[in-house]
Amino acid sequence: MRDYFLLLDDERIIDKAQPAGLGNVKFEELPPVSVLPVDAGRSCEYVDWLGKPMRMASDQMKSLLEKYNRHIRFKRVELIDTKQSGQHSYWIMQVPAVECLSPQSEFHPGGTLKRLVLDREQVKGHHVFAIRGILEPYIVVSLDVAESLLRRHWTGFMLQKIEQA
């Protein structure tokens with residue numbers, strides 16, 4: 001049995017770069033390349049994973065993720081930091097969703113997840129994917145991907161093991 005993990009923002013990093021101007025924009029509405037200012041302080045950190053306001057990966061992280069799922073769609077974003085006179089490339093991701101919820105998953109009355117359980121048979125062979133049928137914009141990675149991410153000492157993300165049935 002292969003383990004799976006949620007790819008989450010590392011909330012311990014306080015001064016992550018925050019791109020301005022994305023708001024409630026949908027992936028399809030974005031141009032192939034965007035240039036956005038960054039709301040940054042003096043100690044702003046440019047991590048490899050930004051989960052908010054949209055899921056974004058650094059160049060290096062994008063290269064790895066697309067090796068595990070060639071169907072991920074990417075659009076480039078150049079983050080311009082006028083305070084530190086810098087420019088950083090990121091990639092906004094649209095990850096294909098997989099129908100993989102186990103009947104053992106539980107939901108709150110409002111439709112949000114209470115307990116996430118993946119169906120072991122439906123996730124076989126998938127390495128980077130979103131979950132169809134939930135409100136949360138979770139990205140799931142296989143143990144292979146998780147090990148690859150951790151081996152490179154990239155920053156900005158945490159991994160949380162997911163229950164399977």
Side-chain angles (χ1 to χ4, degrees), residues 3-98 100 110-113 116 118 126-162:
D3 290 332
Y4 287 88
F5 300 84
L6 290 176
L7 180 60
L8 302 169
D9 265 351
D10 187 346
E11 300 295 337
R12 299 171 299 180
I13 302 171
I14 297 176
D15 289 330
K16 280 191 265 187
Q18 292 296 316
L22 283 175
N24 292 326
V25 178
K26 293 184 174 141
F27 182 84
E28 295 79 20
E29 297 170 352
L30 291 169
V33 178
S34 301
V35 177
L36 298 173
V38 176
D39 293 332
R42 289 187 182 265
S43 62
C44 181
E45 231 181 296
Y46 289 89
V47 295
D48 293 288
W49 175 258
L50 293 170
K52 297 171 188 161
M54 297 180 88
R55 298 174 295 219
M56 290 187 234
S58 65
D59 276 330
Q60 308 92 290
M61 195 171 186
K62 172 204 181 263
S63 295
L64 177 85
L65 294 173
E66 67 187 348
K67 287 178 183 171
Y68 283 98
N69 186 338
R70 60 186 175 88
H71 300 292
I72 298 174
R73 293 177 53 209
F74 294 97
K75 291 189 179 182
R76 196 170 92 211
V77 177
E78 295 296 329
L79 301 182
I80 306 299
D81 184 341
T82 55
K83 290 183 182 165
Q84 295 182 22
S85 299
Q87 177 176 329
H88 302 270
S89 295
Y90 280 87
W91 297 88
I92 294 177
M93 307 167 43
Q94 185 179 52
V95 181
V98 173
C100 60
T112 58
L113 269 174
L116 173 61
L118 297 180
H126 295 283
H127 292 283
V128 180
F129 58 94
I131 303 168
R132 185 171 289 132
I134 63 172
L135 298 174
E136 294 82 359
Y138 290 146
I139 299 291
V140 178
V141 297
S142 67
L143 178 61
D144 299 342
V145 177
E147 288 175 340
S148 291
L149 291 169
L150 293 171
R151 203 172 22 250
R152 288 163 175 79
H153 303 288
W154 290 334
T155 59
F157 67 91
M158 295 178 17
L159 298 169
Q160 179 182 325
K161 190 172 179 181
I162 304 172

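These figures come from a predicted structure and were not determined experimentally. Below, all heavy atoms of this structure are taken into account, side chains as well, without hydrogens, waters or symmetry copies.
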Indicate every side-chain donor-acceptor pair of residues 50-61 with a distance under 3.5 Å to a residue at least two apart or in another chain.
residue: Lys52; atom: NZ; partner: Glu11; partner atom: OE2; Å: 3.3
residue: Arg55; atom: NH1; partner: Pro137; partner atom: O; Å: 2.7
residue: Ser58; atom: OG; partner: Asp48; partner atom: OD1; Å: 2.8
residue: Ser58; atom: OG; partner: Gln60; partner atom: OE1; Å: 3.4
residue: Ser58; atom: OG; partner: Met61; partner atom: N; Å: 3.3
residue: Asp59; atom: OD1; partner: Trp91; partner atom: NE1; Å: 2.5

> Could you go step by step and tell me if Asp10 and Val47 meet the side chain to side chain contact (heavy atoms under 4.5 Å, CB included) rule?
Replying inline: CA-CA 10 Å; Asp10 187 346; Val47 295; over 6 Å; no

>> One pair to check against side chain to side chain contact (heavy atoms under 4.5 Å, CB included): Val95 and Tyr138. What are the steps and the verdict?
In response: CA-CA 10 Å; Val95 181; Tyr138 290 146; over 6 Å; no

Got a second to check how far [X]'s [atom1] is from [Y]'s [atom2], nearest 0.5 Å?
X     : Y      : atom1 : atom2 : answer
Leu8  : Leu159 : CG    : CG    : 7.5 Å
Tyr46 : Ser89  : OH    : OG    : 11.5 Å
Cys44 : Leu79  : SG    : CG    : 9.0 Å
Leu30 : Ile92  : CG    : CD1   : 5.0 Å
Trp49 : Leu65  : CH2   : CG    : 7.0 Å
Leu6  : Leu113 : CG    : CG    : 9.0 Å

Qualifying residues under salt bridge (charged side-chain N to carboxylate O under 4.0 Å, His left out), relative to [X], sequence neighbours excluded:
X      : answer
Lys67  : none
Glu136 : none
Asp3   : Lys161

For [X] against [Y], the heavy-atom pair lying closest together:
X      : Y      : value
Leu36  : Pro19  : CD1-CB, 4.2 Å
His126 : Ser142 : O-CB, 3.9 Å
Ile131 : Ile134 : O-CG1, 3.5 Å

>> Strictly by salt bridge (charged side-chain N to carboxylate O under 4.0 Å, His left out), give each pair with a member in residues 20-36 just once, sequence neighbours left out.
In response: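 Passing the test, one end in residues 20-36: no pairs.
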
> Does any N or O in the side chain of Asn69 come within less than 3.5 Å of the main-chain N or O of Val128, such that one atom is a donor and the other an acceptor?
Replying inline: yes

> Is a donor on one side and an acceptor on the other found under 3.5 Å between the side chain of Arg76 and the backbone of Val33?
Replying inline: no

> Going by heavy atoms in the side chains, are Trp154 and Leu64 under 4.5 Å from each other?
Replying inline: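 Yes, at least one pair of side-chain atoms sits under 4.5 Å.
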
> Can you name the residues that form a side-chain hydrogen bond (donor to acceptor under 3.5 Å, both in side chains) with Lys62, not counting sequence neighbours?
Replying inline: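 Partners of Lys62 under the side-chain hydrogen bond (donor to acceptor under 3.5 Å, both in side chains) test: Glu66.
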
> With respect to Val140, which candidate in Leu118, Val98, Leu116 satisfies the side chain to side chain contact (heavy atoms under 4.5 Å, CB included) definition?
Replying inline: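 Answer to the side chain to side chain contact (heavy atoms under 4.5 Å, CB included) test with Val140 among Leu118, Val98, Leu116: Leu118.
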
